[in-house]
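First listed ligand is number 1; within each ligand, the first listed atom is number 1.
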Amino acid sequence: MIAEPYRIKVVEPLKITNREEREEILKNAGYNVMLIKAEDVYIDLLTDSGTSAMSQNQWAGLMVGDESYAGCRNFYHLEKTVKEVLGFKYFVPTHQGRPAENILFRIKVKKGDYVPNNMHFDTTGAHVLDKGGIPVNLVIDEAYDPQALHPFKGNMDVKKLRDLIKKVGPEKIPLVMITITNNTGGGEPVSMENIKEVKKITEEYGIPLFFDAARFAENAYFIKKREKGYENKSVAEIVREMMGYADGCTMSCKKDGLVNIGGLLAMNDKELFEKVKQHLILLEGFPTYGGLAGRDLEALSVGLREVLDENYLEWRVGQVKYLGNKLKEEGVPIMEPVGGHAVYIDLKRFLPHIPQSQFPDNAFTAALYLEGGIRAAALGSTAFARKDEKTGEIIYPKLELVRLTIPRRVYTNSHMDVVANTVIKLYKNRDKIRGLKIVYEAPVLRHFTVRFEPL
Ligand SMILES: *Cc1c(COP(=O)(O)O)cnc(C)c1O
């Protein structure tokens, strides 16, 4: 393991609150940590999206931002970077990942079409539905078992893919997607072998293959470390090989792009590119800025290369694993193997005394904030329980998880020690954590604004 391969030049002071203050803050926020001001959080592990620390070269890049409406120099730099790092012929910038999904699916997906993915991220699934399509998750079964050990737990089940194509017909499948790494399934990687197998099938049926590539570098790093034949290849080479099997990708650059805002849609098909530009102009802006400022494009050009640094990746993936190992050593039930960007806590085993109707995921995030001023993401019944339209019965999700998501280059391992010690303390006193009841909920996407009271 290596220590942080950088030194700190600028710091953002953090406010440290006491328990009494946090009690008050939590109560005012309806026990929903999403409603707490970020300033009142000591260590914020809500998401790794847009939360990276930029490097000195990225900050310097902001100064050479060319804010011309058309043809800014930063676009041409980014174009060169995308060609060299990812290898696709054409691309447009977007302001984050979801507009890239929106534009791709607007063009490709018709009512009644199926879009397979290993696991759709929530915005990709929602954009498929928005176009009248049906998102299908075809990840291997191991992904649904938090304790199943598999080096590439994000793999697509190729038999499930063949079966779906046979069942609905290839003409009903406008594209196949693979999410690298599989965010919704714990940030687990996809192997090169699996990518090749999927490519073979899609080629056979003439279906384009796209990656949802938010964490492409972390995925490539796992291939280098875990897949035979790749140990001596560079991450940059592995990325090129991976991308070489795809016809294009959508990317939220707020993750492995190491920027605070940005996205892209890349492809090899010229005809598709022409259509993409029309939609882009309508939704995001002129194709040489795509909803971003010139300076943002510059920071992204730098970030897309920096993320390939293998010392960085070793430290980055190592830090997530460091936290995971500390928790595991003390018996805290976590999802295994630990993925690339987060440690997931399995609440079904952590808080078995709280039924899903009492929101164990949120009970945990509230307790974690109260105990240590730490914020995590509740990804269980709070976000995913839904009412059956016909019976009115509440259907609870299979997995009840909390995600401790690690921002890139932001926290040190001393912060990770504090997080680990706080979670371990909660685990030792888990019997004292109580369930919650809802006192307010919005009709859609309730987890963002829901308010609770302790039972
Ligand atoms: C974050 C993310 C997205 C959506 O990107 P935004 O930048 O949040 O719009 C899509 N897919 C995956 C896998 C993601 O992690």
Side-chain angles (χ1 to χ4, degrees), residues 34 45-52 86 91-106 109 115-131 135 137-139 143 153-156 175-190 195 209-220 222 242-243 246 248-266 279-280 283-285 290-292 296-297 299-300 303-304 307 316 320 339-342 344 377 379 383 401 403-408 445 447-448:
M34 293 282 279
L45 306 185
L46 190 63
T47 179
D48 66 327
S49 179
T51 54
S52 303
L86 306 178
F91 94 105
V92 292
T94 56
H95 82 272
Q96 56 184 90
R98 66 199 73 179
E101 296 156 10
N102 187 22
I103 291 168
L104 180 64
F105 298 157
R106 269 178 164 225
V109 179
V115 180
N117 203 323
N118 47 353
M119 272 178 115
H120 282 278
F121 180 68
D122 53 11
T123 61
T124 60
H127 273 298
V128 171
L129 286 170
D130 181 58
K131 317 301 176 273
N137 292 337
L138 302 180
V139 72
K153 223 174 162 177
N155 281 358
M156 183 176 276
L175 75 163
V176 170
M177 289 196 94
I178 304 178
T179 305
I180 50 173
T181 57
N182 181 19
N183 182 1
T184 308
E188 303 285 355
V190 178
I195 290 169
L209 173 64
F210 274 73
F211 291 144
D212 179 351
R215 298 176 183 79
F216 71 98
E218 288 167 11
N219 199 85
F222 279 119
M242 271 181 354
M243 297 294 172
C249 75
T250 59
M251 189 187 292
S252 168
C253 300
K254 299 171 72 174
K255 286 82 172 212
D256 275 353
L258 298 174
V259 288
N260 305 120
I261 195 73
L264 60 85
L265 170 55
H279 287 266
L280 188 83
L283 296 170
E284 292 280 283
L292 294 167
D296 298 326
L297 301 175
L300 178 55
L304 284 174
V307 78
R316 155 72 178 162
V320 179
H341 68 292
Y344 290 70
L379 297 176
L401 301 173
R403 188 183 66 196
L404 303 168
T405 341
I406 318 299
R408 295 169 181 76
L445 291 173
H447 55 292
F448 290 103

Exercise for the section: List in chain and number order the residues that pass side-chain contact (heavy atoms from CB on, under 4.5 Å) with Asp296, two or more places apart in sequence or in another chain; answer none if no residue qualifies. Expected result: Ile261, Leu292, Ala293
Problem - Residue shell around ligand 1, heavy atom under 4.0 angstrom - result: Gln96, Gly97, Arg98, Glu101, Phe121, Thr123, Thr179, Asn183, Asp212, Ala214, Arg215, Ser252, Lys254, Lys255
Handout entry: Salt-bridge contact Asp130-Arg106 (side-chain N to carboxylate O under 4.0 Å)
Key = no
Problem - Pair Lys131, Asn102: side-chain N/O donor-acceptor within cut-off below 3.5 Å - result: yes
Problem - Set of residues satisfying side-chain contact (heavy atoms from CB on, under 4.5 Å) with respect to Leu129, sequence neighbours excluded - result: Pro135
Handout entry: Euclidean distance, His341 NE2 relative to Asn183 CG, rounded to 0.5 Å
Key = 4.0 Å
Handout entry: Partner residues of Thr123 under the side-chain contact (heavy atoms from CB on, under 4.5 Å) criterion, sequence neighbours left out
Key = Arg98, Glu101, Phe121
